[in-house]
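These numbers come from the heavy atoms of this one structure, side chains and all, not from hydrogens, waters or symmetry mates.
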Amino acid sequence: MKGNNIKTPGSTTRLLEENILFEDNHLIIINKLPSQIVQGDKTGDKPLADLVKDYIKVKYKKSGDVFLGVAHRLDRPVSGAVIFARTSKSLTRINALIKNREIHKTYWAVVKNKPPKDSDTLINFLRRDEARNKSFITGENTKNAQQASLSYTLIGSSDNYYLLEIDLQTGRHHQIRAQLSGIGCPIKGDLKYGYPRSNTDGSIHLHARKLHFIHPVTLNPVTIVASTPNDPVWNFFEHNFTEF
């Protein structure tokens, strides 16, 4: 269901309750649907951040504006775990964890082509083209190029696809999409980065699978695992290669 189909705060509450992965007084983590935008854009569709505000307003009977800080984002066609901060204090602290790379992020990606190695670390320099909303692998000395690093492991396969688990070391624009395309493994449905066909719902098969971090306020360890979207390809891998 797309976010802009949500008509009332009550229906928002019911929808989000199904997708809440973690909630306390400081943070709320949502399993984002691939059709949702995290923050508003030129489409005018209601973003996930506003839906979460509606949910908090209804559940906790809050009057007036609800504070919600967006700690990080996922591209619209990508699904999985997104962290929001419920207080300015927790937002400042979670931002510091992200800046210091103290949040361990694991992604799943489905690709058509088997990667050259079953596991590898990819280090590239990426240049972001704002006008085309796309990142390109380029040389180290290219103006505005940023180093991007990730490690992947082949963890599953079907008759037609391969499942990669990705540990992200940097957080560059479209990093996973660009780097996997660079080794001949564009993500299923990702026309922008070389996959030959789009998915019917506009999604791509990239999913923010797992987060692990020390809670910025309580200092307790937090591990979050987000289930994959409901489609035949994801369902096959979810049922056959669930590792947690």
Side-chain angles (χ1 to χ4, degrees), residues 32 34 72-81 98 101 103-212 225-226 228-229 231-238 240-243:
K32 185 184 95 64
H72 68 114
R73 299 163 184 81
L74 293 177
D75 299 334
R76 184 166 193 160
V78 179
S79 56
I98 292 171
R101 301 179 185 175
I103 297 182
H104 183 76
K105 301 177 182 179
T106 303
Y107 288 76
W108 276 10
V110 175
V111 298
K112 177 70 172 177
N113 302 322
K114 187 176 181 180
K117 300 178 181 178
D118 287 350
S119 63
D120 201 4
T121 296
L122 305 180
I123 300 174
N124 301 106
F125 284 85
L126 299 182
R127 177 184 60 82
R128 180 176 181 176
D129 185 329
E130 296 274 2
R132 298 167 65 182
N133 190 31
K134 186 174 180 180
S135 289
F136 295 87
I137 294 175
T138 187
E140 179 178 356
N141 296 322
T142 301
K143 184 179 179 181
N144 298 325
Q146 293 181 304
Q147 184 172 299
S149 176
L150 63 80
S151 297
Y152 74 82
T153 302
L154 175 62
I155 63 168
S157 63
S158 67
D159 290 342
N160 298 307
Y161 302 106
Y162 296 90
L163 176 64
L164 305 183
E165 185 169 271
I166 297 147
D167 290 322
L168 202 56
Q169 281 106 45
T170 56
R172 308 306 183 196
H173 175 260
H174 289 185
Q175 175 182 338
I176 298 173
R177 299 166 67 179
Q179 288 191 278
L180 290 186
S181 178
I183 61 168
C185 297
I187 295 165
K188 183 179 182 299
D190 197 358
L191 284 176
K192 180 170 284 191
Y193 287 92
Y195 199 83
R197 296 178 302 281
S198 61
N199 292 335
T200 56
D201 62 356
S203 70
I204 65 174
H205 276 69
L206 178 62
H207 181 72
R209 176 65 171 175
K210 184 178 178 182
L211 297 170
H212 178 73
V225 178
T228 53
D231 78 34
V233 174
W234 276 130
N235 290 345
F236 172 83
F237 287 120
E238 180 82 39
N240 289 283
F241 296 96
T242 298
E243 74 283 40

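Remark: R209 CZ to Y107 OH distance equals 14.0 Å, nearest 0.5 Å. Going from atom CG of D167 over to atom OG1 of T106 covers 4.5 Å, rounded to the nearest 0.5 Å. If you take OG on S203 and NZ on K188, they are separated by 7.0 Å, rounding to the nearest 0.5 Å. Atom CG of L163 sits about 10.0 Å away from atom CD of E238, to the nearest 0.5 Å. Summarising the geometry, atom CZ belonging to R177 is positioned 4.0 Å from atom CD1 belonging to I204; distances are rounded to the nearest 0.5 Å. Taking CG from L206 and CG from L74, the interatomic distance works out to 8.0 Å, rounded to the nearest 0.5 Å.
In this structure, the side chain of S135 engages the main chain of H173 through a donor-acceptor pair within 3.5 Å. Looking at K32, its side chain does come within 3.5 Å of a backbone N or O of R76 through a donor-acceptor pair. In this structure, D75 contributes its side chain and P77 its backbone to no donor-acceptor pair below 3.5 Å. Remark: the backbone N or O of D201 is not paired with any side-chain donor or acceptor of N199 at under 3.5 angstrom. Remark: side-chain polar atoms of Q146 are not paired, donor with acceptor, to backbone N or O of R172 under 3.5 angstrom. No donor-acceptor pair under 3.5 Å is formed between the side chain of Y195 and the backbone N or O of V111. The closest donor-acceptor contact from the side chain of K114 to the backbone of S157 lies at 3.5 Å or more, if one exists at all. The closest donor-acceptor contact from the side chain of Q175 to the backbone of A148 lies at 3.5 Å or more, if one exists at all.
Taking the six-membered ring where the residue is Trp, H174 and Y193 present perpendicular rings, their angle passing 60° and hence far from 30°.
In plain terms, the two heavy atoms of I183 and P115 that are nearest each other are CD1-CB, 4.3 Å. Nearest heavy atom pair, residue Y152 against residue K117, reads OH-O, 2.9 Å. Considering every non-hydrogen atom in both S158 and F236, the closest pair reads CB-CE2, 3.4 Å. In terms of heavy-atom proximity, W108 sits nearest to W234 at O-CH2, 3.7 Å. Of all heavy-atom pairs between T138 and A145, the closest is CG2-CB, 3.8 Å. Closest approach of P229 and N235 over heavy atoms only: O-OD1, 3.7 Å.
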Does the pair I123 and Q147 meet the rule for a side-chain contact (heavy atoms from CB on, under 4.5 Å), with working shown? CA-CA 7 Å; I123 300 174; Q147 184 172 299; 3.9 Å; yes

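Put simply, the side chain of H207 does not reach to within 4.5 Å of the side chain of V110, judged on heavy atoms. Side-chain contact between Q179 and I166 is absent, with no heavy-atom pair separated by less than 4.5 Å. Within the 4.5 Å cutoff, no side-chain heavy atoms of I103 are placed close to those of H212. Contact annotation: the side chain of I176 approaches that of I187 to within less than 4.5 Å [non-hydrogen atoms, C-beta and beyond]. Contact of the Y162 side chain with the N113 side chain is not registered, since no non-hydrogen atoms from C-beta on lie closer than 4.5 Å. A heavy-atom distance below 4.5 Å is found between the side chains of T121 and Q169. A 4.5 Å side-chain heavy-atom check between L211 and K105 finds at least one atom pair inside the cut-off. Within the 4.5 Å cutoff, side-chain heavy atoms of I137 are placed close to those of L126.
A cation-pi contact links K112 to Y161, judged by a cut-off of 6.0 Å to the six-membered ring centre and 45° from its axis.
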